[in-house]
Amino acid sequence: MAVTNIESILERHAYEAHRLVQILRETQDALGWLAPETLTCIAHRLQIPRVQVESTANFYSFFHIRPLGEYRILFSDNISDRMLGNQALMQALCEKLWLEPGRVAEDGLVSVDTTSCTGMCDQGPALLANYRAITRLTPARIDEMAHLIRRRVPVGDWPPEWFHVEDNIRRRDVLLDHGLAPGKRWRPRWIAVLRGCWARSSAPPCAGAVARASAATSSGVRAATPGATHTT
């Protein structure tokens, strides 16, 4: 069955070695992890050295060359989550599931470990359950999570409010909410200034002109043609 899955993935990517990362990702999604025989099969079918496949799988932290369990629980481990008590919550979950952090349960059901910041610092403590974010952890949620895991309830059937992520971004600027119509683009004012200078000169503007134009527009000074009055 595993060989069939790998073959279909390789065929979909036309057996092209430059798609190795995507092939590994889809293979892991299908099989749960990247076993040694899986890496050997991929290397053989792509006609590349096995060490190339294995080194790629080892380089990226989201690839796993050992089983991680049916449930993969990763607590966000940053200063914000620690201040909110994530370490005590992680220890409580491990105790309820009878396992050590960073280890897979003897029955292969679950593993609990830490990961880098999940970007949920404003809604922590947070974790990833099979790579789905769960926010605002509490001892009660940890207790219920342990029961759900032991009963083998799919993560998708866990309480939906656990996965609620608030949109706390309110900033409006060119990066987050530029307000441009489709097909339009933002252009700094100093670029228009340089184009005007260039149009009146036979040579492109030098670095000094670029710096002066940028400084002038950033300070609120409008560029004008020679002889015109500069206003703020």
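We number each residue from 1, following the sequence as shown. Computed over heavy atoms, backbone and side chain alike; hydrogens, waters and symmetry mates excluded. Everything numeric in this text was worked out from a predicted model, so none of it was measured.
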task = Under the side chain to side chain donor-acceptor pair (under 3.5 Å) rule, what do Gln87 and Gln91 come out as? Steps first, then yes or no, please.
result = CA-CA 6 Å; Gln87 291 176 307; Gln91 185 61 36; over 6 Å; no
inquiry  = Could you walk me through whether His44 and Arg50 satisfy the side chain to side chain contact (heavy atoms under 4.5 Å, CB included) test, starting with their C-alpha distance in whole Å, then the side-chain angles of each, then the deciding distance to 0.1 Å, before giving a yes or no?
reply    = CA-CA 8 Å; His44 175 71; Arg50 187 187 185 282; over 6 Å; no
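Interatomic distance, CD1 of Ile42 versus CD of Glu54, reported as 12.0 Å (0.5 Å rounding). Separating the OG1 atom in Thr114 from the CD1 atom in Ile73 is a distance of 13.0 Å, to the nearest 0.5 Å. Here the CH2-CD distance, from Trp162 to Glu144, works out to 4.0 Å after rounding to the nearest 0.5 Å. Of the inter-residue distances, the one linking Thr27 atom OG1 with Glu7 atom CD reads 10.5 Å to the nearest 0.5 angstrom. In this structure, CD1 in Ile48 is found 7.0 Å from OG1 in Thr56, a value given to the nearest 0.5 Å.
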Taking distance alone, no hydrogens or angles, what donor-acceptor pairs closer than 3.5 Å link side-chain atoms of residues 118-136 to residues at least two apart or in another chain?
{"residue": "Asp122", "atom": "OD2", "partner": "Asn168", "partner atom": "ND2", "Å": "2.3"}
{"residue": "Gln123", "atom": "OE1", "partner": "Glu166", "partner atom": "N", "Å": "2.7"}
{"residue": "Gln123", "atom": "NE2", "partner": "Glu166", "partner atom": "O", "Å": "3.0"}
{"residue": "Asn130", "atom": "OD1", "partner": "Arg72", "partner atom": "N", "Å": "2.7"}
{"residue": "Asn130", "atom": "ND2", "partner": "Glu70", "partner atom": "O", "Å": "3.4"}
{"residue": "Tyr131", "atom": "OH", "partner": "His64", "partner atom": "NE2", "Å": "2.6"}
{"residue": "Thr135", "atom": "OG1", "partner": "His164", "partner atom": "O", "Å": "2.8"}
{"residue": "Arg136", "atom": "NH2", "partner": "Glu166", "partner atom": "OE1", "Å": "3.4"}

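When side chains are defined from C-beta on, Met145 does not count as touching Lys96, because their heavy atoms never get closer than 4.5 Å. A heavy-atom distance below 4.5 Å is not found between the side chains of Phe63 and Asn58. Between Leu109 and Ile149, the closest side-chain pair of non-hydrogen atoms falls below 4.5 Å.
Arg19 has a carboxylate O that lies under 4.0 Å from a charged side-chain N of Glu16, or vice versa, which qualifies the two as a salt bridge.
Residues Leu24 and Leu34 come closest through the heavy atom pair O-CD2, 3.8 Å. The minimum heavy-atom distance between Ser76 and Asn86, with the atom names listed, is O-ND2, 2.8 Å.
Remark: Thr138 pairs with no residue by the side-chain hydrogen bond (donor to acceptor under 3.5 Å, both in side chains) rule, at least two apart or across chains. When the side-chain contact (heavy atoms from CB on, under 4.5 Å) test is applied to Val104, the partners found at least two apart in sequence or on another chain are Arg66, Ser111.
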